[in-house]
Amino acid sequence: FKDLIYPIVQGWHKFDPATQEHKSDLDASKVAMSEEQAALFAKYVVSTRVRAARNISGFSLPAGSSAEDRLAVEGVLKQAFEGLPADLQGTYYP
């Protein structure tokens with residue numbers, strides 16, 4: 001599989017997974033911007049969104065899950081949503 005995916009990753013991300021190591025650092029205090037960059041950021045960025053997709057322990061990732069798994073995951077998530085504090089609660093649309 002890596003013979004197929006590595007060239008795609010390298011071409012798209014300019015990152016060679018065979019020879020480089022990906023390091024994640026999500027510490028926002030380490031972001032350095034010039035005054036010009038900060039001004040452009042303030043001018044054009046109103047909000048941002050971070051999307052993370054992970055599996056739930058005991059269930060397959062979505063591409064390999066069955067209809068029963070998806071319903072069970074929905075049940076786990078609904079239970080988690082019910083436990084959110086009031087300021088984070090909303091309306092769940094199944």
Side-chain angles (χ1 to χ4, degrees):
F1 182 73
K2 71 180 178 180
D3 292 338
L4 171 68
I5 199 71
Y6 278 15
I8 295 169
V9 170
Q10 189 172 11
W12 184 260
H13 296 286
K14 308 301 183 231
F15 173 83
D16 184 358
T19 61
Q20 294 175 289
E21 182 178 330
H22 178 78
K23 295 181 183 175
S24 293
D25 186 352
L26 302 177
D27 184 350
S29 70
K30 295 180 182 176
V31 175
M33 288 191 274
S34 67
E35 287 185 30
E36 181 181 351
Q37 290 169 324
L40 284 172
F41 184 86
K43 180 178 178 180
Y44 292 108
V45 178
V46 175
S47 68
T48 61
R49 177 181 84 155
V50 175
R51 181 179 178 273
R54 296 286 184 257
N55 67 330
I56 296 174
S57 181
F59 297 99
S60 300
L61 289 168
S65 64
S66 65
E68 293 81 19
D69 279 345
R70 289 190 294 275
L71 288 172
V73 167
E74 180 184 29
V76 169
L77 293 175
K78 284 168 50 175
Q79 185 176 1
F81 298 153
E82 291 168 1
L84 292 172
D87 62 329
L88 295 177
Q89 290 184 0
T91 302
Y92 172 68
Y93 298 99

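On a predicted model such as this, the values are computed, not experimentally measured, just so you know.
Residues I5 and W12 do not share a hydrophobic cluster, defined by chaining ILVMFWY side chains whose heavy atoms lie under 4.5 Å apart. In terms of hydrophobic clustering, with Ile, Leu, Val, Met, Phe, Trp and Tyr side chains grouped at heavy-atom distances under 4.5 Å, L40 and V31 are assigned to different clusters. Linking ILVMFWY residues whenever their side-chain heavy atoms come closer than 4.5 Å, directly or via other members, leaves Y93 and F81 in distinct clusters.
Contacts of D27 classified as side-chain hydrogen bond (donor to acceptor under 3.5 Å, both in side chains), with partners at least two apart in sequence or in another chain: S29. The salt bridge (Lys or Arg N to Asp or Glu O under 4.0 Å) test applied to K43 returns no partner, not counting sequence neighbours. For T19, the side-chain hydrogen bond (donor to acceptor under 3.5 Å, both in side chains) partners are D16, not counting sequence neighbours. Shown here are the side chain to side chain contact (heavy atoms under 4.5 Å, CB included) partners of V76, two or more places apart in sequence or in another chain: I56, F59. Remark: Y44 engages no residue in a side-chain hydrogen bond (donor to acceptor under 3.5 Å, both in side chains) (not counting sequence neighbours). Taking E68 as the reference, S66 meet the side-chain hydrogen bond (donor to acceptor under 3.5 Å, both in side chains) condition, with sequence neighbours excluded.
Here the closest heavy-atom approach between residue K14 and residue Q20 is recorded as O-OE1, 4.3 Å. Contact between Q89 and E82 at its shortest, heavy atoms only, is NE2-O, 3.8 Å. A pairwise comparison of heavy atoms in M33 and F41 identifies SD-CB, 4.2 Å as the closest pair.
Put simply, the side chain of Q10 does not reach to within 4.5 Å of the side chain of F15, judged on heavy atoms. Using a 4.5 Å cut-off on side-chain heavy atoms (C-beta onward), R70 and V73 make no contact.
Although no hydrogens or angles enter the test, the distance criterion places a donor-acceptor pair under 3.5 Å between the side chain of Q37 and the main chain of S34.
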